Amino acid sequence: MTTRDKIVDTLEEIALLLELKGENPFKIRAYRTGAEVVQSYPGDIVQKAADNQLKDIKGIGSALQEKLQELASTGELEFHKNLRAEFPESIFELFDIQGLGPKKIKALYEQLGVKGLADLQRVCDSGEAAQLAGFGKKSVDKIREAIAFREQNSGCFHQDVAMASAELVREALQAHPAAGRVEAAGSLRRGKETLHDLDFIVATKRPQEIMDYFVGLPFVTQVINHGSTKSSIRLENGIQCDLRAVSNTELPFALNYFTGSKEHNVAMRGRALKRGYTLNEYRLAPTGEAKDISANIHEEADLYRALGLDYIDPALRENAGEIEAAEKGLLPRLVELENLRGTFHNHTIASDGNATLAEMADAAQELGLEYLGIADHSKASFQANGLDEKRLRHQIAEIAELNKTYEGFRLFAGTECDILKDGSLDFDDGLLSELDYVVASVHNVFNLPEKEMTARLIRAIENPHVTMLGHLTGRLLLKREPYAVNVPMILDAAAETGTLIELNANPWRLDMDWRWWKLAKEKGVKCAINPDAHSTRGLQCLAFGVRIARKGWLTRDDVINCLSLAKVTEAIAAKRQRHS
DNA sequence: CTTTCTCTAAAGTGCACTGTGGCCAGTGC
């Protein structure tokens, strides 16, 4: 069965391969456009393609119509197969290296026979790469750094992929008749920003049966371990998944132990010892005269209570003050997805999103939100089709019109305004003042020294129209390092000016990092959880943002999205009013 | 490869930055 995703992937791969061949850039773009159109087409485009009913779809001309028909009806495409045959499979690895584009990959492949990462490392080390035209010592050094960065993160995955895989595994396990409770543990449960494996615990009386079933599941591509209570497999996407079978009574202990973090566990064990117990993954047992209380422990919460602690949410288990807080009854009541009543920073087809204003608004309402902020790119982000003054004013008017049609819901007119190299903004204050709010973000010149980058951001923060700072460090998890910026100084400036900091909920960003939010909260800086959605589906990234906010100890009072429509309207106008 | 047109040919997203090689090409947003 051909799926929409497969068609999209095929078209994108064709674009990549054509680039490698040095084809006409417009032809390449046509395939990329085609992929986008297929991705966002409302309706069953696969069926339509198979039936050759693709006429009059903008972006799909005669050549793509034919290819899509072949692809949809046969599941294959001769043209694609032939293209693939021209290059080794592993060549795609090279596109993950920052600083390598199609031209350089082409040169490496044709002149040095570089087929993948291993070859790339070799020709960098041997000095061959530096000899190529267009290459030199500096570029080779950069490539080596990029390889090292990639290797450091190899076997790591973004939250969206990990969560989807975890759901698949959980459902499969739960379906077995001998499976009792099935729980995800590990860093997934703690809500870490990236993950390298999935840990599951199942309560059962027949562990061997569960293990045999687990390693034989259809999505298993490799069996790493297969024992009577512990097995490890690899999924199709490369994620390793460990499963442990325990008894019902052991479950709370196993769950606690395998959720971690290691540091949290060490602290817990130490605490148990002080109270006369030894704690491990199976039980809490008295070491001396203490009374055996294990029969009273059915849930993790009972275990924490037994150690004189309030229940500590998995998100907080990083040994970063959570045990002390739990002892004193000072743990925060963490924000929940259900607390969010709206969100900011979302894109539409006006810039690089693929849904219209109305579609985004409808999707937001379906999620139960009361307001949605639109923040399309500004003109300096040309590559993202950023709006100029005229188009933005047109969008403001469009939003005003749409707002007349809603009851109990509102679109906010905003912008994701580029912060230019010197810290000035891409739009003048006159236009910014016509908007409901402004997200200010950096999209170019990432390599400034920390001092200059910090000054750049602070200058933007000091603009009275800047409501919030977008993706603070510009990092792309597992792909690009954050840029150098002094976060405490930024937080001070934000606190002083009443500027919000975004928690960008895109699983590739999750920026500002969760490790800073506790400090931000202490300084009185508020958070805006934003999905940075480029489609209606993208709004669901909010869930990832909430997970990170929880790791940052944030409560509903710290997150502006938890305010009602009336209150949030005041809140986003507050900074500006200080200055008027 | 697609769209648009002045309708069978031309135009189709711009800029900053980096490094290399000698004033340009590749990359990334």
Side-chain angles (χ1 to χ4, degrees), chain A residues 10-12 14-38 54-68 77 79-80 83 94-109 111 124 129-146 347 349-353 376-388 391 416-422 424 426 441-449 452-453 456 470-471 473-476 479-483 506 508-509 532 534:
Chain A
T10 306
L11 293 178
E12 273 167 3
I14 290 173
L16 221 54
L17 291 163
L18 291 176
E19 272 187 320
L20 272 183
K21 292 187 58 153
E23 263 282 4
N24 173 358
F26 297 107
K27 189 173 182 172
I28 296 163
R29 189 179 307 154
Y31 280 95
R32 294 234 157 85
T33 309
E36 261 173 49
V37 170
V38 172
L54 294 179
K55 286 183 187 58
D56 300 326
I57 298 180
K58 210 171 170 196
I60 310 278
S62 56
L64 258 71
Q65 279 177 38
E66 253 176 58
K67 292 192 171 74
L68 288 176
L77 181 59
F79 176 69
H80 175 235
L83 265 179
L94 301 177
F95 284 93
D96 287 341
I97 299 295
Q98 274 306 93
L100 281 191
K103 300 279 166 54
K104 292 200 157 171
I105 294 174
K106 185 170 192 264
L108 286 162
Y109 174 62
Q111 294 173 50
C124 284
Q131 300 300 314
L132 286 182
F135 289 73
K137 186 177 176 311
K138 280 200 180 171
S139 44
V140 169
D141 284 349
K142 277 196 158 178
I143 293 172
R144 288 159 98 145
E145 266 174 45
H347 298 269
I349 47 170
S351 65
D352 59 350
D376 271 314
H377 287 284
S378 64
K379 59 187 190 293
S381 276
F382 190 86
Q383 80 292 338
N385 191 22
L387 280 63
D388 59 18
R391 290 177 63 213
E416 180 179 20
C417 187
D418 267 45
I419 301 174
L420 307 179
K421 185 179 175 184
D422 63 356
S424 62
D426 197 17
S441 309
V442 166
H443 289 110
N444 62 4
V445 202
F446 296 143
N447 58 344
L448 291 180
E452 279 173 54
M453 184 61 93
R456 176 187 185 182
H471 45 70
T473 72
R475 72 177 180 187
L476 291 179
K479 168 103 176 163
R480 186 176 72 205
E481 296 272 21
Y483 37 73
N506 185 306
W508 281 69
R509 293 191 182 271
D532 202 351
H534 286 73

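Chain A is the first sequence line, chain B the second, and so forth, proteins listed ahead of strands; every chain is numbered from 1. Bear in mind that the values here come from a model prediction, so they are computed numbers and not experimental data. Side chains included, hydrogens not; waters and symmetry mates left out as well; all remaining heavy atoms used.
- The distance from atom NE2 of A:His347 to atom CG of A:Asn385, rounded to the nearest 0.5 Å, is 12.0 Å.
- A:Asn385 comes within 4.0 angstrom of nothing in the nucleic acid, heavy atoms only.
- Put simply, A:Lys58 has no side-chain N or O that comes within less than 4.0 Å of OP1 or OP2 on B:dT2.
- Nucleotides B:dG21 and B:dA10 place their P atoms 36 Å apart, quoted to the nearest Å.
- Comparing the same atom, P, in B:dT20 and in B:dG26 gives a spacing of 14 Å after rounding to whole Å.
- The C1' atoms of B:dG28 and B:dG22 are separated by 25 Å, rounded to the nearest whole Å.
- Straight-line distance between the C1' atoms of B:dA11 and B:dT6: roughly 13 Å, to the nearest whole Å.
- Nucleotides B:dA16 and B:dG12 place their C1' atoms 22 Å apart, quoted to the nearest Å.
- In this structure, CG on A:Leu18 lies 5.0 Å from CZ on A:Phe79, to the nearest 0.5 angstrom.
- OP1 or OP2 of B:dT13 sits under 4.0 Å from a side-chain N or O of A:Arg29.
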Notebook entry, point to check: How does each nucleotide of nucleotides 22-29 of chain B score, in 5' to 3' order, for protein heavy atoms under 4.0 Å: base (B), sugar-phosphate only (S), or none (-)?
Noted result: ----SSSB
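- Residues A:Phe382 and A:Ile57 each lie close to DNA chain B; by heavy-atom proximity, the contact nearer the 5' end of the strand is made by A:Ile57.
- When the P atom is compared between B:dC23 and B:dC17, the two are found 22 Å apart, to the nearest whole Å.
- Counting non-hydrogen atoms of neighbouring residues, nucleotides and ligands closer than 6.0 angstrom, the NZ atom of A:Lys479 exceeds 12 such neighbours.
- A:Gln131 is not listed as a side-chain neighbour of A:Gln111, based on a closest heavy-atom distance of 4.5 Å or more.
- A:Leu68 places its CG atom 12 Å from the P atom of B:dC1, with the value rounded to the nearest Å.
- Distances shorter than 4.0 Å separate some side-chain N or O of A:Lys67 from OP1 or OP2 on B:dC1.
- Proximity of A:Thr33 to the phosphate of B:dC1: no side-chain N or O atom is located under 4.0 Å from OP1 or OP2.
- Backbone-only contact: A:Ser62 has heavy atoms under 4.0 Å from sugar-phosphate atoms and none from a base.
- At a threshold of 4.0 angstrom between heavy atoms, the contacts of A:Gly59 are confined to the sugar-phosphate backbone, with no base atom among them.
- Annotation: B:dC24 and B:dT13 have their P atoms spaced 24 Å apart (nearest Å).
- Considering CG of A:Leu77 and CD1 of A:Ile14, their distance stands at 5.0 Å, rounded to 0.5 Å.
- With the nearest nucleotide of DNA chain B identified for both A:Lys421 and A:Ile60, A:Ile60 has the one nearer the 5' end.
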